[in-house]
Enquirer: 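What follows is a structure written as structure tokens; I'll ask about it next.
Every heavy atom of this structure was used, including side-chain atoms; hydrogens, water molecules and symmetry mates were not. Sequential numbering from 1 along the given sequence is applied to the chain's residues. Ligands are counted one by one from 1 in listed order, and the atoms in each one are counted from 1 as well.
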Amino acid sequence: MSELANLQSLDSKHFIHPFTDHNALAKAKTRVISKASGIYIYQQDDQPILDGMSGLWCCNLGYGRTEIADAVSSQLAQLPFYNSFFQCSHAPAIELSQRLAEVAPAQLNTVFYTNSGSEANDTMIRFAHRYWDLKGKPNKKTIISRHNGYHGSTIAGASLGGMSFMHDQFKGVDYIEHIDQPYWFGEANGQEESTFGLQVAQQLEQKILELGIDNVAAFIAEPIQGAGGVIIPPASYWPEIQRICDHYEILLVADEVICGFGRLGTMFASEYFNIKPDFICFAKAVTNGYQPLGGVLISDRVADVIKDAGNDFAHGFTYSGHPASCAAAIATLDILKNEDIINKVNTDIGPYFQSRWQQLGEHPLIGEARSIGMLGAIELVADKNNSTRFANGIAGPTCRDQCVKVGLVMRAVGDTMVVAPPLVMTHTEVDELFNKAWQALDLTAAALAK
Ligand code: PXG
């Protein structure tokens, strides 16, 4: 048995994978990725595959970043672990907190660390509930979220999320309510874009009034939905959401697990959309995916209340602010700054990527191409004239497989194909991504015609 076959067989026997149909996996055999460099991943010694998903929306600076690996390694040698409970701390967590406060929107100056985005969202609920208790409004417990949002896989994270196929598989918490997503291509039913944006935003107001202002703690949303299919809201959406949160004094939560750290050409998407959240939940690209780390940035008005409570905020993880993860994050922030990456996304590689991506809209299989910053989506349709979908949901998975054949990772969300490529791509690499995507679409069209 070859080494690869052996790994595949052991994988199948002993490893339950996230979001995976294991019968299908056993038939297809898992793709074993053995190394990565720049914007490419490699299966054993095969041809390079252009990683259009930056790992899983996280390796924004690409692979082979020895600065981050070295920072982790020296931190492990100096102080591999100490906790941050019970009046203890350490330099990497302190320095990172200060650095995050420096780059975060003005009102956010404190941070709580977690190991993941899911835990960040759970933690946000703990803060929101505690805040309203301390403000003497203990009934304000409901969190409003959106259908087809993704906020993680812990019980609270998955409850916040609006993916019905996930809700079918567990019992969620009972204080979360969902409103519609701002998915103009999929759900506007012919409404003009700006009107649609306002109408879906105003569902928040209706929901607050229906539940009673005294019962609502917060509204959470991804500035751009990632796992839901790179849903870019109409320009009218976010200003209306901000107005409603201000008017009803509801805490606004930006889940920036995907959008944070430069993806839109701003450090945080909250700046891009000019919103003023009380919490920014982050993870993924904060360490360029090199170490597990997540967290919640907290507004001064909330942090002050929590700090002045006079007793413990009874929440924390053993690895909250793990020194090696914090060291990786500091090294990541250094690279973002020293290489002027966010400015380049904003003024150079972002616009170039978007201009090429929009050209995919000319392909006969594509009903819409949309892009923002370094995020892109294309909608696969059976009939370009009226955006009719393929009946059986096989277009997305077919396209994903064709992408791998031509050496490209694109993610299929139903029949929406999405990319979140590394922010550090060159123009030539963007051209390669475009050419491979077009080639995969041709192959997909041929496969679907059979
Ligand atoms: N919020 C958002 C907006 C996310 O995208 C999480 C929270 C949860 O983070 P953790 O670190 O707990 O996974 C995420 C994660 C996909 C995919 O298939 C997306 C995510 C994770 C795994 C797969 O697009 N996003």
Enquirer: Using a 4.0 Å heavy-atom cut-off, which part of Phe19 comes near ligand 1: side chain, backbone, both, or neither?
Expert: neither
Enquirer: For ligand 1, is any non-hydrogen atom under 4.0 Å from Glu222's backbone (N, CA, C, O), its side chain (CB onward), both, or neither?
Expert: side chain
Enquirer: Short list, please: which atoms of ligand 1 are under 4.0 Å from a heavy atom of Asn121?
Expert: 1 (N), 7 (C)
Enquirer: Below 3.5 angstrom, do we get any N/O pair linking His151 and ligand 1?
Expert: no
Enquirer: Using distance alone, determine whether Gly117 and ligand 1 share an N or O pair under 3.5 Å.
Expert: yes
Enquirer: Thinking salt bridges, do Arg263 and Glu256 make one under a 4.0 Å N-O criterion?
Expert: no
Enquirer: What are the atoms of ligand 1, with element, lying closer than 4.0 Å to any heavy atom of Arg411?
Expert: 16 (C), 18 (O), 24 (O)
Enquirer: Counting heavy atoms not belonging to Gln359, are there more than 12 under 6.0 Å from its CD?
Expert: yes
Enquirer: Tell me whether the rings of His315 and Phe317 are parallel (<30°), tilted (30 to 60°) or perpendicular (>60°).
Expert: perpendicular
Enquirer: Report yes or no: does Lys284 have a heavy atom closer than 4.0 Å to ligand 1?
Expert: yes
Enquirer: Does only the side chain of Glu256 get under 4.0 Å from ligand 1, or the backbone, or both, or neither? Count heavy atoms.
Expert: neither
Enquirer: For the pair Arg65 and Glu339, find out whether any cationic side-chain nitrogen is under 4.0 Å from an anionic carboxylate oxygen.
Expert: yes
Enquirer: Would you say Gln354 and Gln358 are linked by a side-chain donor-acceptor pair, where the criterion is simply a distance under 3.5 Å?
Expert: no
Enquirer: Do Glu119 and ligand 1 have an N or O pair less than 3.5 Å apart?
Expert: no
Enquirer: Considering only heavy atoms, does Val413 approach ligand 1 within less than 4.0 Å through its side chain, its backbone, both, or neither?
Expert: neither
Enquirer: Under 4.0 Å from ligand 1, counting heavy atoms only, is it the side chain of Thr154, its backbone, both or neither?
Expert: neither
Enquirer: Does any N or O in the side chain of Ser320 come within less than 3.5 Å of the main-chain N or O of Tyr113, such that one atom is a donor and the other an acceptor?
Expert: yes
Enquirer: Using modelled atom types only, decide if a donor and an acceptor are shared between the side chain of Thr114 and the backbone of Ser116 within a distance under 3.5 Å.
Expert: yes
Enquirer: Side chain to side chain donor-acceptor pair (under 3.5 Å) for Tyr63 and Asp51? Distances and angles first, verdict last.
Expert: CA-CA 10 Å; Tyr63 302 102; Asp51 184 5; 2.5 Å; yes
